[in-house]
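First the proteins, then the strands, lettered A, B, ... as listed; each starts at 1.
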Protein chains: 2
Amino acid sequence: MKPTQARAQEKELRLIDAASRVIHKQGFVRTTLGDIAQEAGIALGSLYYYFKTKDDIVRAIVAQRVRDLREGMIDWERLDRAADRIDALIQVWVNTRDVDALYGCPIGSLCYELAKQGGALGALAAEPLRLQLDWAKQQFCDMGYDENAAGDLALHLITALQGISLLSNAFSDAELITREARHLRLWLQQL
Amino acid sequence: MKPTQARAQEKELRLIDAASRVIHKQGFVRTTLGDIAQEAGIALGSLYYYFKTKDDIVRAIVAQRVRDLREGMIDWERLDRAADRIDALIQVWVNTRDVDALYGCPIGSLCYELAKQGGALGALAAEPLRLQLDWAKQQFCDMGYDENAAGDLALHLITALQGISLLSNAFSDAELITREARHLRLWLQQL
DNA sequence: GTCTATATGGAGATAGAC
DNA sequence: GTCTATCTCCATATAGAC
């Protein structure tokens with residue numbers, strides 16, 4: 001890859017990052033391209049050099065989030081015990097509880113918003129969630145559960161994490177995440 | 001109350017109901033006043049005789065949902081055992097799983113959307129959720145748990161219900177609700 | 001590649017006849 | 001009370017200079 005291409009892609013990543021932040025805060029529909037341009041520090045018209053439509057931007061955001069998730073999951077492979085890896089996922093929620101209380105889970109809230117939009121965009125937004133669900137199921141399989149049981153446990157775990165992000169956002173209360181995380185950890189210990 | 005007032009309020013309730021349905025499907029921001037008027041079978045301009053602004057409409061929807069929830073909770077007082085009342089709540093999710101898979105929980109998805117909007121509207125949207133949380137806590141208190149434990153259990157229950165609505169909507173899969181409901185019922189039995 | 005200026009459409013809200 | 005017609009604003013997207 002030529003240096004110029006690398007720089008161009010780097011710039012695009014910065015735009016995606018800016019768009020991801022402001023859409024997380026305001027939601028996709030209410031966020032204007034002007035908002036994104038301002039957050040990125042460029043002119044409105046310049047956005048169109050990188051993305052043809054607003055939908056293209058959200059597609060790029062979702063793809064980037066999938067990449068980030070995969071990277072984090074590879075990182076967790078260093079942990080020997082599956083229980084520790086699941087604990088690491090829960091800890092992510094605890095660590096981001098303040099921003100979640102303000103704006104919700106970036107993945108879940110986007111899913112909810114784009115699902116109502118209908119069409120292919122809704123299914124696309126669910127991909128990061130699918131990835132977490134599959135990953136969690138694998139961890140429970142590693143703990144010795146069969147496919148069916150592991151699927152149920154993973155569903156319950158991801159469900160709880162998404163649910164607590166919604167509640168903590170609805171009530172603007174980050175401590176709800178702390179409380180639910182404690183509940184989930186006790187549940188995992190008693191499995 | 002005079003008959004004319006009764007009729008006017010009845011008409012207003014029908015408008016609220018129509019707005020509630022279409023906003024549940026499309027989301028608040030994406031739903032236009034034209035959509036609501038069409039769903040209600042009236043002209044766009046006629047909406048403004050009943051509601052001064054779009055925000056007024058969503059406020060009326062939330063207030064109506066609170067009334068509906070209270071009514072349902074009074075109905076459940078017929079059930080002697082608190083465990084049966086909680087089971088009735090879970091059964092609501094099972095019963096509405098198809099529409100939840102299509103559009104999510106009407107309460108939770110509106111919370112997520114309006115929380116990003118900021119301001120008083122976000123806090124208002126959380127009122128039905130607060131009501132469910134308080135009600136669930138009371139049921140666990142009735143089962144003999146102290147305030148603290150009952151609060152944690154209620155939080156976990158409502159969290160799971162909201163989370164599974166989000167997931168089933170994200171994946172357009174109503175059966176996820178059936179699976180999580182089974183998980184929750186087993187959990188309740190083992191308490 | 002980045003900018004300013006603008007075309008185009010659609011949304012909330014209003015006016016005023018009936 | 002209900003309607004049609006319209007005002008006004010703002011968002012996406014485009015055009016074209018630099």
B:Asp80 atom CG: more than 12 heavy-atom contacts under 6.0 Å: no
Rounded to the nearest angstrom, tell me the gap between atom CD1 in A:Ile42 and atom P in C:dT4. 11 Å
Measure up the A:His156 and B:His183 rings against each other and bin them: parallel (under 30°), tilted (30 to 60°), perpendicular (over 60°). parallel
Do B:Gln138 and B:Asp142 get their side chains close enough for a donor-acceptor pair, meaning under 3.5 Å? yes
Which nucleotide wins on minimum distance to the side chain of B:Leu33, given the candidates C:dC3, D:dT2, C:dA13? C:dA13
Does D:dT14 have its OP1 or OP2 closer than 4.0 Å to a side-chain nitrogen or oxygen of A:Lys52? no
Face-on cation placement of A:Lys54 at A:Phe28 ring, 6.0 Å and 45° thresholds: yes
Looking at B:Lys116 and A:Glu113, is there a salt bridge between them, counting it only when a charged N and a carboxylate O are closer than 4.0 Å? no
Exceeds 12 heavy-atom contacts within 6.0 angstrom, atom CZ of B:Arg185: yes
Atom CD of A:Gln38 and atom P of D:dC10 are separated, to the nearest Å, by 15 Å
Applying a 4.0 Å non-hydrogen cut-off, can you work out what B:Tyr50 is touching in the nucleic acid: base, sugar-phosphate, or nothing? sugar-phosphate
Output the rounded distance in Å from NZ (B:Lys54) to C1' (C:dA11). 8 Å
In whole Å, what is the span from the CZ atom of B:Arg30 to the C1' atom of D:dT12? 13 Å
Provide a list of protein-nucleic acid N or O atom pairs under 3.5 angstrom, restricted to nucleotides 6-10 of chain C.
none

B:Arg14 CZ to D:dT2 C1', in whole Å, measures 13 Å
In whole angstrom, give the distance that lies between atom CD1 of A:Ile36 and atom C1' of D:dT12. 11 Å
Value in whole Å for how far the P atom of C:dG1 lies from CG of A:Leu47: 15 Å
Send over the distance from B:Tyr48 OH to D:dA5 P, rounded to a whole Å. 17 Å
